[in-house]
Amino acid sequence: MLDPAYIRDHVEEVRTGLRNRGLDSDKALEEIATLETARRRIIPELEGLRRQQNASGDQIAQAKRQGKDATAIQEANKARTVQIKQLGFQLDSIEYQRTSAAMVLPNLPHASVPVGKSADDNVEVRRHGEPRTFDFQPQPHWDLGPALGIIDFERGAKLAGARFTVLSGAGARLSRALINFMLDLHTREHGYREVEPPFLVNSAALTGTGQLPRFEQDLFKIAGEWDLYLVPTAEVPLTNLHRGEILDGRELPIRYTAYTPCFRSEAGSYGQDVRGLIRQHQFDKVELVKLTTPESSYDELESLTANAEEVLKRLELPYRTMLLATGDMGFSASKTYDIEVWLPSQKTYREISSCSNTEAFQARRANIKFRAAGTGRAEFVHALNGSGLAVGRTLIAILENYQEKDGSVTIPTALRPYMDGKERISK
RNA sequence: GGUGAGGUGGCCGAGAGGCUGAAGGCGGCGGUUUGCUAAACCGUUAUACGGGCUAAAACCUGUAUCCAGGGUUCGAAUCCCUGCCUCACCGCCA
């Protein structure tokens, strides 16, 4: 959430930032500014009344102790109590409206983010590895996988419907190997603490990271009287671990990694990536989350992105890293790098990780603060997140990039210790 | 699912209508002492939102906050209702 007080005092700056994201927010900003002003008119009035009430309350107490009559003061207070209650409800209503309006606005882009309408305006910042040249026609994974008997789309559909898939045999094993490989890398070498969170989260957590209230249609909600949703990403439980806390500044940065399945309804994505494992209702992901100070958050974004890229380097998969333009960024992000892996069958780079600095946007929603060394004021942390990596898409990339003419797939060297030393998947 | 007991500051724990932002202890921070460490002693120690002062802070001041939301009352941490959560026991169960 953007700070309503900041919006009031910097309407033009906020308007420009949101316009760069392709959003016409004039009405919303005006509403927030107006509500904020109204709020600051009511607060002193209300507090003045309460102050009088407190003072005469003391008078009553004193009179009673001395055995005097205090009926007159009591009567005056009675009237004022009604007034205070009414004004209090009015203030609650204004604050509710103000927060509701602010909650649906996305984050402001960082100054280093290229202004642009769409993914076409994203900027490539680096590229690693050479796409392999094939002396045969490389197959897409949706042909390779079923042919090897390790991916079963039909049976996935039988069990749960479209966009659900069964991995079996070496496919299931490869997926588990990838999860372990990624978690080991991030915990042993990159300093992240491994977490196994709940795979269901409540609405408060989803509000903290920004999925709610605006994107409920993208989530799977548990039926019945439960306030629970399937996690769309481990970013939600990991970032919310410290919701409502004030952290010791000396503990920062805090780095968490978790493997979770992720569940997304993919509402409105009909027709996109209908084939294969690219876009599923359920997929596995190893996530990276950092909570840090405002001073260090952009350095931490660079290292977090590098941590995710390292997975691809070790797996010897060609990728490029894109700096997203203002129009292509997610709701909560101030700045985002997408890592895209080469897919030979599509002859293109496809997103396999998205690494973002949300600055104080999520921290304000989730109320996560820190206090600099010992004393000092509590202020909002900066929260970062990134995929490290999406497991299903990594599996696709391995199948497609490491395929051989006979339809078998070589297992990347780095992964072999996790596959009982196996070098190849074949029929 | 049933029954019972509870939710007070970073933690433990008192308070049972006004004198309580809240005793006491622990922890944290600052200091005294010390060759260093420990111990001891002294001081200090919540958050949010307003107002004042300010370049900005510091600071001063007000209001709110004892799980949350309602209610009773001139006045609620304290009484009543609802919800949420925790613990214990029973049942069921990986």
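Throughout, a chain's letter reflects where its sequence line sits, starting with A, and its residues are numbered from 1.
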Partner of C41(B) by Watson-Crick or G-U wobble geometry, both contacts under 3.5 Å, or none?
G31(B)
What does G15(B) pair with, Watson-Crick or G-U, if both distances are under 3.5 Å?
U8(B)
Assigned partner base of C36(B), Watson-Crick or wobble definition, under 3.5 Å:
none
When you check the side-chain N and O atoms of Gln362(A) and Glu235(A), is any donor under 3.5 Å from an acceptor?
yes
Phosphate OP1/OP2 of G51(B): any Arg41(A) side-chain N/O under 4.0 Å:
no
G62(B), G28(B), C74(B): which one has an atom nearest the side-chain heavy atoms of Arg51(A)?
G62(B)
Under-4.0 Å side-chain N/O to phosphate OP1/OP2 contact, Arg40(A) with G50(B):
yes
Gln280(A) and Thr165(A): side-chain donor and acceptor closer than 3.5 Å?
yes
Can you check the Gln53(A) CD to G62(B) P distance for me, whole Å?
17 Å
Nearest to side-chain heavy atoms of Ile60(A), which nucleotide of C49(B), U47(B), G18(B)
G18(B)
Looking at G21(B), which nucleotide sits across from it as a Watson-Crick or G-U wobble partner, both distances under 3.5 angstrom, or is there none?
none
Identify each atom pair where a protein N or O and an N or O of nucleotides 78-87 of chain B are less than 3.5 Å apart, giving names and distance.
none

Does OP1 or OP2 of U72(B) have a side-chain N or O of Lys78(A) closer than 4.0 Å?
no
Among the candidates C49(B), U63(B), G71(B), find the nucleotide nearest to the side-chain atoms of Arg39(A).
C49(B)
Looking only at side-chain atoms of Asn54(A), point me to the closest of G18(B), A64(B), G62(B).
A64(B)
Pair Ser297(A), His382(A): side-chain N/O donor-acceptor within cut-off below 3.5 Å:
yes
When both hydrogen-bonding distances must be under 3.5 Å and the geometry is Watson-Crick or G-U wobble, what is U73(B) paired with, if anything?
none
Could you please name the partner base of C92(B), counting Watson-Crick and G-U wobble pairs only when both distances are under 3.5 Å?
none
Atom CG of Asn367(A) to atom P of A46(B): distance rounded to whole Å?
17 Å
For Asp92(A) and for Ile246(A), find the nucleotide of RNA chain B with the closest heavy atom, then tell me which residue's nucleotide is more 5'.
Ile246(A)
Tell me the partner of A48(B), counting only Watson-Crick (N1-N3 plus N6-O4 or O6-N4) or G-U wobble (N1-O2 and O6-N3) with both under 3.5 Å; none if nothing fits.
U63(B)
Side-chain donor-acceptor contact under 3.5 Å, Asp184(A) with Tyr418(A):
yes
Does Phe215(A) have any ring-ring contact (aromatic ring centres under 6.0 Å, His included) partners at least two apart in sequence or in another chain, and if so, which?
Phe331(A)
Does one side chain, of Ser56(A) or Arg80(A), offer a donor that lies under 3.5 Å from an acceptor on the other?
yes
Residue mapping more 5' on RNA chain B - nearest nucleotide basis, Asn77(A) or Phe89(A)
Phe89(A)
Nearest to the side chain of Lys85(A), which nucleotide is it out of U72(B), U63(B), A48(B)?
U72(B)
Pairing partner of U82(B), by Watson-Crick or G-U wobble and under 3.5 Å for both distances, is A68(B)
Considering only heavy side-chain atoms of Glu47(A), the closest of C29(B), U47(B), G62(B) is G62(B)
Can you figure out which of G18(B), C49(B), G28(B) approaches the side chain of Lys64(A) most closely?
G18(B)
Send over the distance from Arg371(A) CZ to U45(B) C1', rounded to a whole Å.
9 Å
Looking only at non-hydrogen atoms, find the nearest pair between Leu18(A) and Ser25(A) and report the distance.
CD1-OG, 3.4 Å
